[in-house]
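Data block below; observations after.
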Amino acid sequence: MKNYEKYEKGYYMPPYPCLDWVKKDRVEKAPIWCSVDLRDGNQALVVPMSLDQKLEFFRFLCKLGFKEIEVGFPAASETEYEFLRTLIEKDMIPDDVTVQVLTQSREHIIAKTFEALAGCKKAIVHLYNSTSVAQREQVFRKPKDKITEIAVTGAKLAMEFAAKTPGNFLFEYSPESFTGTEPEYAAEICNSVLDIWRPTADKKAIINLPVTVEMSMPHVYAQQVEYMCKELKGRENVIVSLHPHNDRGCAVADSEMGLLAGGDRIEGTLFGNGERTGNVDIVTLAMNLFSQGVDPKLDFSDMPSVCEAYEKATGMPVGDRQPYAGRLVFAAFSGSHQDAIAKGMKYRKERELDKWTVPYLPIDPHDVGRTYDADVIRINSQSGKGGIGYLMENNFGIVMPQNMREGFGYEVKSVSDHAHKELKPDEVLKIFNDRYVNLSSPIKLYEHHYEQKDGIQARVTVEYKGEITELKGSGNGRLDAVNHALAGIVGKEFSIEEYQEHALTTTSKSQAVAYVCISHDGGKKTWGVGIHNDIIAASVAALVSAVNRMLSAD
């Protein structure tokens, strides 16, 4: 690919190794979550949300369990100003929820922000200015001391306006474009802000370290975060927040490694909505914690509703392969995957396990409001006998003999292949019924009677080639006797190779299902199925169905 030579790394490593985080193997507790869907996410929409949409989505975020929600940039938009005032004046902010607002480090913007915040019970004022080498040189064309002056001036103004505005306010500072800033300078400017705010244990300050543009591999960001945690003044009174974007597709990894490196808080959005490639996806982060036995402190137990609310508010679809939430993320089309899942589910049921270890499924789909029947085993031309057998058993109570599953599986796959589509469970059942169950052509069964004499004597009335005939046969059991009776009219040899039966528990009626395999033509195997209220009738119907399948194949 041409022109790769014009690119070089735009990030900076800490002045000393910061690798304590590599000793940890997982995040042990949920971070403080801050949703920025209504600000960062909303500004990235082709059509931003209306006031009513914002209010509805705010309520939904509260329902999910968010305790901190960035509601906008009130000085930048009349809609966002009105949104914040509506939340405050109509007392729509729950007592345990803190709203957050964004402001540049400029006096008139800070003033407008506090005007919008008047009377807010709890709010975070998020102050920012850009600090990267590229921004300093190309946008502001100012040296470091002048950039620091912007931040310090803004920090002082925030305190002054907070002091004369009714409400309760905490402060947050972001060295915007942190990942393109020398770590030493990032620490310097953040400490200059902390010197103004002087946070305490009762009133902590937030230092946010945004991956405004993702420039490096995640382990670099982790070292930058660890360095900041070590260099920030009064670290015990500082909440270190992370705000990764996804330019390199690594926002989730940045966040997880950043938490290992000392981060306390995550700013992100549902499904990663945001500028360019988006923000970090809080749903994925939270569910990753959940999948390792950590309470994420957010409720995604009804994922279909989360997807619906998100799509309604943003006008954007949740992708079919979106982790944990996509329509197909629990779907197994591969035959080997289906077989492993089916066996894993059976193993779990047999042993009554309380821990989840099913192959190919990192979490139980039920935990996010999905179902096994509709979501896990999906049938197409790539499916296998294990998955098809699992579907038939769990959806319809049909427990096919192991030796029957392969042949039925090929028939189902053939239908899917020729139709070029996925088959729904009812379509698979129809193939089973049409091709195996109670078949009545070319032989139609009318009656069968038995007499115990020299074994079992059977009289079977059938219609074959347009004629109704009574057949007789004897055997060591009813089915064997019927088998011999049918042999007299078929004109070819066959014998019963395998027989199984069970109750059909999925129906309201008390029915039995029988499976018969016959051997013929030098070892060929053909299966038939019978379903009836009477097990003997089901068995005979299964035998007749097998014979009919044999004859139809000739």
- Query: Are S50 and D52 linked by a side-chain donor-acceptor pair shorter than 3.5 Å?
  - Reply: no

- So, Y221 versus H219: side-chain donor-acceptor pair below 3.5 Å or not? no

Nearest-0.5 Å distance, [atom1] of residue [X] to [atom2] of residue [Y]:
X    : Y    : atom1 : atom2 : result
Y347 : L353 : OH    : CG    : 6.0 Å
L38  : Q53  : CG    : CD    : 11.0 Å
R59  : M92  : CZ    : CE    : 4.5 Å
Y310 : K312 : OH    : NZ    : 15.5 Å
L429 : I398 : CG    : CD1   : 7.0 Å
H245 : N279 : NE2   : CG    : 4.0 Å

Show every donor-acceptor pair shorter than 3.5 Å between a side-chain atom in residues 451-468 and any protein atom, with sequence neighbours excluded, or say none if there are none.
from: Q457; atom 1: NE2; to: K453; atom 2: O; distance (Å): 2.9
from: E463; atom 1: OE1; to: Y446; atom 2: OH; distance (Å): 2.6

Close side-chain approach of [X] and [Y], heavy atoms under 4.5 Å:
X    : Y    : result
L298 : I282 : yes
V412 : L423 : yes
V306 : F60  : yes
K67  : I32  : no
N548 : V544 : yes
Y390 : K346 : no

- Message: Evaluate L285 against V280 for side-chain contact (heavy atoms from CB on, under 4.5 Å), listing each step before the verdict.
- Response: CA-CA 8 Å; L285 275 176; V280 68; 3.6 Å; yes

Between [X] and [Y], is there a side-chain N and carboxylate O pair less than 4.0 Å apart?
X    : Y    : answer
R370 : D364 : no
D426 : K430 : no
R39  : E80  : no
R265 : E267 : yes
E70  : K54  : no

Using a 6.0 Å cut-off, check whether atom [atom1] of [X] has over 12 heavy atoms from anything other than its own residue.
X    : atom1 : value
M316 : CE    : yes
D95  : CG    : no
K24  : NZ    : yes
E311 : CD    : yes
K29  : NZ    : no

Under 3.5 Å, side-chain donor or acceptor atoms of residues 251-260 against the rest of the protein: list the pairs with distances, not counting sequence neighbours.
from: S255; atom 1: OG; to: A251; atom 2: O; distance (Å): 2.9
from: E256; atom 1: OE2; to: N288; atom 2: ND2; distance (Å): 3.0

- Task: Could you check whether the rings of H337 and Y360 sit parallel, tilted or perpendicular, using 30° and 60° as the cut-offs?
- Result: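 The arrangement is parallel - the two ring planes meet at less than 30°.
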
Under 3.5 Å, side-chain donor or acceptor atoms of residues 523-532 against the rest of the protein: list the pairs with distances, not counting sequence neighbours.
from: K525; atom 1: NZ; to: G523; atom 2: O; distance (Å): 3.0
from: T526; atom 1: OG1; to: H520; atom 2: NE2; distance (Å): 2.7
from: H532; atom 1: ND1; to: D534; atom 2: N; distance (Å): 2.9

- Item | Working for side-chain contact (heavy atoms from CB on, under 4.5 Å), residues Q43 and F73 | CA-CA 10 Å; Q43 76 179 29; F73 197 146; 5.7 Å; no

Under 3.5 Å, which donor-acceptor pairs do the side chains of residues 494-503 form with other protein atoms, sequence neighbours left out?
from: E498; atom 1: OE1; to: N403; atom 2: ND2; distance (Å): 3.2
from: E498; atom 1: OE2; to: Q500; atom 2: NE2; distance (Å): 3.2
from: Y499; atom 1: OH; to: E501; atom 2: OE1; distance (Å): 2.4
from: Y499; atom 1: OH; to: S539; atom 2: OG; distance (Å): 2.6
from: H502; atom 1: NE2; to: V399; atom 2: N; distance (Å): 3.2
from: H502; atom 1: NE2; to: Y515; atom 2: OH; distance (Å): 2.7

- Starting from the C-alpha separation in whole Å, work towards a yes-or-no answer on side-chain contact (heavy atoms from CB on, under 4.5 Å) for R327 and V318. CA-CA 8 Å; R327 189 174 60 91; V318 174; over 6 Å; no

- Item | Closest contact, heavy atoms only, D281 versus L270 |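 Closest heavy-atom pair between D281 and L270: OD1-C, 3.9 Å.
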
- Message: For a quick test of reading the model, state the closest non-hydrogen atom pair linking K297 to A30 and the distance between them.
- Response: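 In terms of heavy atoms, the two residues are closest at CG-CB, 3.8 Å.
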
- Residues in salt bridge (charged side-chain N to carboxylate O under 4.0 Å, His left out) contact with R26, at least two apart in sequence or another chain: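 Checked R26 against salt bridge (charged side-chain N to carboxylate O under 4.0 Å, His left out); matches are E28.
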
- Residues forming a salt bridge (charged side-chain N to carboxylate O under 4.0 Å, His left out) with D480, sequence neighbours excluded: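 Residues passing salt bridge (charged side-chain N to carboxylate O under 4.0 Å, His left out) with D480: none at all.
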
- Query: Quick check, are the ring centers of Y324 and F300 under 6.0 angstrom apart?
  - Reply: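 No; F300 has its ring centre 6.0 Å or more from that of Y324.
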
- Task: Please report the C-alpha distance between E214 and V211 in whole Å, then the side-chain angles of each, then the deciding distance to 0.1 Å, and finally whether the side-chain contact (heavy atoms from CB on, under 4.5 Å) criterion is met.
- Result: CA-CA 6 Å; E214 199 172 37; V211 183; 3.8 Å; yes

